[in-house]
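Protein chains get the first letters and strands the later ones, always in sequence-line order, with residue 1 at the start of each. Keep in mind that the numbers below use all heavy atoms, side chains included, and drop hydrogens, waters and symmetry copies.
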Amino acid sequence: MTRHLITSALPYINGIKHLGNLVGSQLPADLFARYLRARGHEVLFLCATDEHGTPAELAAAKAGLPVAEYCAQLHEQQAEIAAGFGLSFDHFGRSSSAQNHRLTQHFAGALADAGLIEEVTQRQVYSVADARFLPDRYIEGTCPNCGYDSARGDQCDNCTKQLDPTDLIEPRSTISGSTELETRETKHLFLRQSRMKDDLDSWIRGKEDWPVLTTSIAKKWLHDGDGLQDRGITRDLDWGVPVRKGDAPWPGMEGKVFYVWFDAPIEYIAAAQEWVDAGKGSDWESWWRTDRGADDVRYTQFMGKDNVPFHTLSFPATIMGSGEPWKLVDYIKSFNYLNYDGGQFSTSRGRGVFQDQALSLLPADYWRWWLLSHAPETSDAEFTWENFQASVNKDLADVLGNFVSRITKFCRSKFGETVPEAGAYGPAEEALIADLTERVARYEAQMDAIEVRKSAQELRAIWAAGNEYLQAQAPWTTFKTDPDRAAAQVRLALNLIPLYAVLSAPFVPEAARTMLEAMGAPDAGWPGNVKTTLGQLPPGHAFTVPEVLFAKITDEQREDWETRFAGTRD
RNA sequence: GGCGUGGUAGCUCAGUCGGUUAGAGCGAACGACUCAUAAUCGUUAGGUCGGUGGUUCAAGUCCACCUCACGCCA
């Protein structure tokens, strides 16, 4: 039994996320967490909302709410949706928590003591009307290159020329539209990542078993151009963790906050503190401090590829640079993007399915199965309604759902709703047990390796094995000449249901529960021995025929959804 | 423009350290069965492995160049 710490990338607070965000981090993390728990490991699975930064402030202003209140509301919404998808977080925290404030300030202090913080004075655009400094992309004006009138301060969307905000003709604030802009000096803290380049490099080089996607992105940032750059970790904002050097004020940094990318990963640790403070756990340090037992912990992170640089470089730089015995990540599972029907998901264009909409259409298990069995592991993947309908109907309704249906109904009509007791197992039964034993071992190996799609494939094959057995043995035929033999066949097939339930639970937890309940079977835990598990429902055991596990998606539904979520075309 | 990741049967994807006839699921065709959500099971389907050139006894699998897609950066 190992102790497993699992974190999923933190979803940003400003609105409901689309399906790509789900499959890129939280869902596979949940799959892994559920699997490891089922196998008897001790698991701490943490996630949180990432709440700081300019976009949160702007979204709050747009909603007409104080930012703290806005974040509190959106956090509740996201927590509700996460629960709707069955995400089994041990704690779903908030990067704005008091715990994270303290911890972020502590790390900054430790890094400063280690000589890894530099104070840099910069010139930045300040909007008098908005009373704030403006990030480059919140400044618009006329492009000096092509004359496009809505060029952003960092780049012109029309001619793609890279710009500096001061290049723009008639610059204005995109927040207020004000042209009353001026350049002011401001001081910021920089994390001297460049000093840690060699340490990070050798650390990454040792991770040969990590997905190439993970290591290639990290190596690129380490070696591209001038190598790893120092990074500003503070901003001129109101909403965030106030800059302090541990418990002490930081002279010259009054009124500033830490940059969201500095405090967000630290929330992984703070979330464990929140977990304890919420009364759900007792010892967060044993998960995070190597001097308090975390050396025994295996820590796995899940994230989309856009988050990889921060998890392979910035956050490790924070951890290593602190000089304190914090736990470093052991394995980073990263994912590519999920596209929507030939393009990207787009919030502004209303393209694609968002998480709350998805749950209003179909139960979570449908989404979990499709998303996980099509997880973008090796390259970007694509969601189409046609593919979704075909996969879900075939895999869930036809292969798994119908298996449960056909055998329970057949038993009911011939033997009643009780596991029949006559007959004995023969060579065909032994062969099925041997086959399943092998397949379960392969399934476990894929799950251990977090090979999500391959795990789904193997699980599907396990379901199909039940249908193959029934088809070959044909108890409906056997029954006519040798009812005892048919009874034994039915007994074995019925026993497959609780086995399937336990094996499938990480993917489709709701259906798994329904299957166990219908069979009147307790969750007997992971099958250590397939043969033993298949004796779980003894002769005479009563069961009920469950409702249809998965209703099929009709062509009408698919067509309706296709048009509903198409959004406005480009 | 530089870098990264991909481009394998109609579709979605596997292919470990290069090695006999390139695999799976779906779809399709045909057949079997009729217990079941018209579900299931079996068989078949012959894709110049994006293109060109090269290394090698041998390349989808290594190298170079080209091309397309996506992403990152400048």
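The residues K454(A) and E377(A) are annotated as not salt-bridged, no charged nitrogen and carboxylate oxygen being separated by less than 4.0 angstrom. A salt bridge links E430(A) with K531(A); the closest basic N to acidic carboxylate O contact falls under 4.0 Å.
For rC35(B), the base is not stacked against the aromatic ring of F410(A), per a cut-off of 5.5 Å between centres and 30° between planes.
Between Y12(A) and H52(A), the side chains place no donor N or O within less than 3.5 Å of an acceptor N or O (distance only, hydrogens not considered). A donor atom on one side chain and an acceptor atom on the other are found under 3.5 Å apart for E429(A) and Y469(A).
Within 4.0 Å of F550(A), counting heavy atoms only, lies at least one base atom of the nucleic acid.
With both ends at atom P, the span from rG51(B) to rU61(B) equals 10 Å, rounded to whole Å. To the nearest whole angstrom, the two C1' atoms, one in rG71(B) and one in rA32(B), are 49 Å apart. Rounded to whole Å, the separation between the C1' atoms of rC13(B) and rC17(B) comes to 23 Å. A gap of 10 Å separates the P atoms of rG50(B) and rG60(B), to the nearest Å. Look at the P atom in both rG27(B) and rC65(B): the space between them is 43 Å, to the nearest Å. For rC63(B) and rG18(B), the C1' atoms lie 13 Å apart once the distance is rounded to whole Å. Here, rU21(B) and rA58(B) have their C1' atoms 16 Å apart, quoted to the whole Å. Across rC73(B) and rA29(B), the matching P atoms stand 48 Å from one another, rounded to whole Å.
Remark on RNA chain B: of its neighbouring residues K394(A) and Q457(A), the 5'-side contact belongs to Q457(A), judged by nearest-heavy-atom nucleotide. Each of E547(A) and V399(A) was matched to the nucleotide of RNA chain B holding its nearest heavy atom; the match closer to the 5' end belongs to E547(A).
With a 3.5 Å ceiling on both atom-pair distances, rU48(B) lacks any Watson-Crick or G-U wobble partner. Partner assigned to rA14(B) is none, using Watson-Crick or G-U wobble distances below 3.5 angstrom. With a cut-off of 3.5 Å on both pairing distances, rC35(B) has no Watson-Crick or G-U wobble partner at all. Pairing partner, rG53(B): rC63(B), with both Watson-Crick or wobble hydrogen-bond distances short of 3.5 Å. Judged by Watson-Crick or G-U wobble contacts below 3.5 Å, the nucleotide rG4(B) has rC70(B) as its partner. Base-pair partner of rA29(B): rU43(B) (Watson-Crick or G-U wobble, both distances under 3.5 Å).
Rounded to whole angstrom, the span from the CG atom of L362(A) across to the P atom of rU37(B) amounts to 20 Å. Between D395(A) atom CG and rC26(B) atom C1' the separation is 9 Å, expressed in whole Å. Atom CG in D398(A) sits roughly 4 Å away from atom P in rU40(B) (whole-Å rounding). Atom CG of N387(A) and atom P of rC13(B) are 8 Å apart (whole Å). The interatomic distance linking E382(A) (CD) with rG10(B) (P) rounds to 17 Å, in whole Å. The distance from atom CD1 of I407(A) to atom C1' of rU37(B) is 16 Å, rounded to the nearest whole Å. Taking atom CG of D306(A) as the reference point, atom C1' of rU5(B) lies 14 Å away to the nearest angstrom. Rounding to whole angstrom units, CG of residue L222(A) and P of rC73(B) are separated by 16 Å.
Distances were taken from every side-chain heavy atom of H374(A) (C-beta onward) to each of rU12(B), rU40(B), rU37(B); the shortest belongs to rU12(B). Taking only side-chain atoms of A464(A), from C-beta outward, the nucleotide of rC13(B), rC35(B), rC41(B) with the closest atom is rC41(B). Picking from rU12(B), rU37(B), rA14(B) the nucleotide with the shortest atom distance to the side chain of K454(A) gives rA14(B). Listed candidates were rC41(B), rG25(B), rA39(B). Nearest to the side chain of Q471(A) is rC41(B). Here the nucleotide nearest the side chain of A397(A), chosen from rU37(B), rG71(B), rC13(B), is rU37(B). Comparing rG42(B), rC26(B), rU34(B) against the side chain of E468(A) picks out rG42(B) as the nearest. In the set rU37(B), rC13(B), rU40(B), the nucleotide with an atom closest to the side chain of K409(A) is rU37(B). Comparing atom distances between the N467(A) side chain and each of rU40(B), rU34(B), rG71(B) picks out rU40(B) as nearest. When distances run from any side-chain atom of R453(A) to the nucleotides rA39(B), rC33(B), rU12(B), the shortest one goes to rU12(B).
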Evaluate the criterion side-chain hydrogen bond (donor to acceptor under 3.5 Å, both in side chains) for residue pair N387(A) and S391(A); output intermediate values, then yes/no.
CA-CA 6 Å; N387(A) 187 306; S391(A) 299; 3.0 Å; yes
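Side-chain atoms of R558(A) never come within 3.5 Å of backbone atoms of A390(A) as a donor-acceptor pair (strictly under, hydrogens ignored).
The phosphate of rC26(B) (OP1 or OP2) has a side-chain N or O of R460(A) nearer than 4.0 angstrom.
Interface remark: the N402(A) side chain does form a donor-acceptor pair with the rA36(B) base, using a distance-only criterion of under 3.5 Å.
Applying the 6.0 Å contact sphere to CD of E386(A) captures no more than 12 heavy atoms from other residues, nucleotides or ligands.
Smallest separation of non-hydrogen atoms from F383(A) and L338(A): N-CD1, 3.9 Å.
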